[in-house]
S.K.: 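For reference, the structure I am asking about is given below.
Chain A is the first sequence line, chain B the second, and so forth, proteins listed ahead of strands; every chain is numbered from 1.
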Amino acid sequence: MIEIDVRGFSCPIPVVKTQKAMQDNPGEELAVLVETEVSKENVSRLAESRKYSVEEKTVSGDEYLLTLRPPQE
Amino acid sequence: MPSISDPNLIAGMESAEDAGVYKLSPDTAVVQTVDFFTPIVDDPYDFGRIAVANSLSDVYAKGGRPLTALNIVCFPLKTLNISVLRDILRGGLDKMKEADVVLLGGHTVEDQELKYGLSVTGIIHPNDVIFNNRPKMGDLLILTKPLGTGIISTAIKGDMAGEKAVFRITQSMCALNRKASEMMLSENPSACTDITGFGLLGHASEMIRSAAFCMEIDSAAIPFFPEAVALSETGMVPGGLHRNRNYLKDVVEISKGVPRHMEDILFDPQTSGGLLISLPEKNAGALLGRMRDHGIREAAIVGAIVPGPSGRIIVR
């Protein structure tokens, strides 16, 4: 699993970093740590548009861990 | 804030007006507004032009004629070359010339982040002021520019916007709302506002909020930048868009069948957006025709003021 931490970045950087991780690691599961509702929503949208499944877990307050699983071949 | 009252105050802070209006004499009132923000495009000259078009727009929305302006600049002297500032101000000045607005001066402070904008003063006859919140039953709504600049400028920040999209939004944001304003004045408008940070639905909600009827928006008639669709679907969504949606959730009803990207576009915060004009149905077609003949090609009738729950917006 590839882990990326996009806390501290405002939109659209979390989406850009997640997209890069998807391109660099095709077929890999990604764990993305975000710290705002907006980043959570936007990264989830990116994942859905790429047919990844999204599992979200609240870490604390506004901090979420998103597990993005690539589509099964 | 305590409410402010004055016998000469025509439009002030109480109804989220685009600009303040203050009566100087029986036949003259001043229209004043201020706005400044961080760059939304990479080219400094274009940013200057956009900031001016955006600031003047508040005066045009009231039906006023902007006359003078003052620059407001926050500039990171330690990290940016001064030529950037020169280009911004040159763009701003060119746009002011086009608008027949005279720059009187300005003020610069050092800041970590670049910001530019203006304070603008215009004039209007006190009886000719168009308010943002007095639409009449049966009116139609005209929107004069396409939506989606917020989504595309978010993509610009992530280097994800195509050149064509950047070019199109830049052209649109640079365009003055002057002609649209002048043309609407002869068509008996009942309300007008310009579309900026609260998005179409946010500014529309200010228009309808205190009315005894409701507003219908026809999502299929909305002009928008086509590039915004794919960008919003892949998460290029500005924080302001999410905030607008949250803030308006009790006021706006989105019908089933309106696609999510269209919902995004309707909540998308705009910079230097178009005018939203509420006017009698019998005048709407003529105004739209004149606008399209005069280069405001993407203007469209996007909704109507209809009977229904007071102050609400229904998107179909």
S.K.: Are Lys145(B) and Glu298(B) ion-paired here, with the side-chain N under 4.0 Å from a carboxylate O?
M.R.: no
S.K.: In terms of heavy-atom pairs under 4.5 Å with chain B, which of Ser39(A), Pro14(A), Cys11(A), Ser44(A) leads?
M.R.: Cys11(A)
S.K.: Specify which of Val237(B), Leu241(B), Thr154(B), Asp159(B) makes the most heavy-atom pairs with chain A at under 4.5 Å.
M.R.: Val237(B)
S.K.: When you compare the side chains of Glu233(B) and Ser49(A), does any donor N or O come within less than 3.5 Å of an acceptor on the partner?
M.R.: no
S.K.: How are the rings of His261(B) and Phe224(B) set to each other: parallel, tilted or perpendicular (split at 30° and 60°)?
M.R.: tilted
S.K.: Could you look at Glu37(A) and say if it's the side chain, the backbone, both or neither that has a heavy atom under 4.5 Å from chain B?
M.R.: neither
S.K.: Is chain A contacted by the side chain of Arg260(B), its backbone, both, or neither, given a heavy-atom distance below 4.5 Å?
M.R.: side chain
S.K.: For residues Met236(B) and Val15(A), determine if any side-chain heavy atom of one lies less than 4.5 Å from a side-chain heavy atom of the other.
M.R.: yes
S.K.: With chain B, which of Gln19(A), Arg45(A), Glu48(A) has the greatest number of heavy-atom pairs at distances under 4.5 Å?
M.R.: Arg45(A)
S.K.: Using heavy-atom distances under 4.5 Å, tell me whether Asn246(B) contacts chain A through its side chain, its backbone, both, or neither.
M.R.: neither
S.K.: Considering only NZ, NE, NH1 and NH2 on the basic side and carboxylate oxygens on the acidic side, decide whether Glu110(B) and Lys78(B) come within less than 4.0 Å.
M.R.: yes
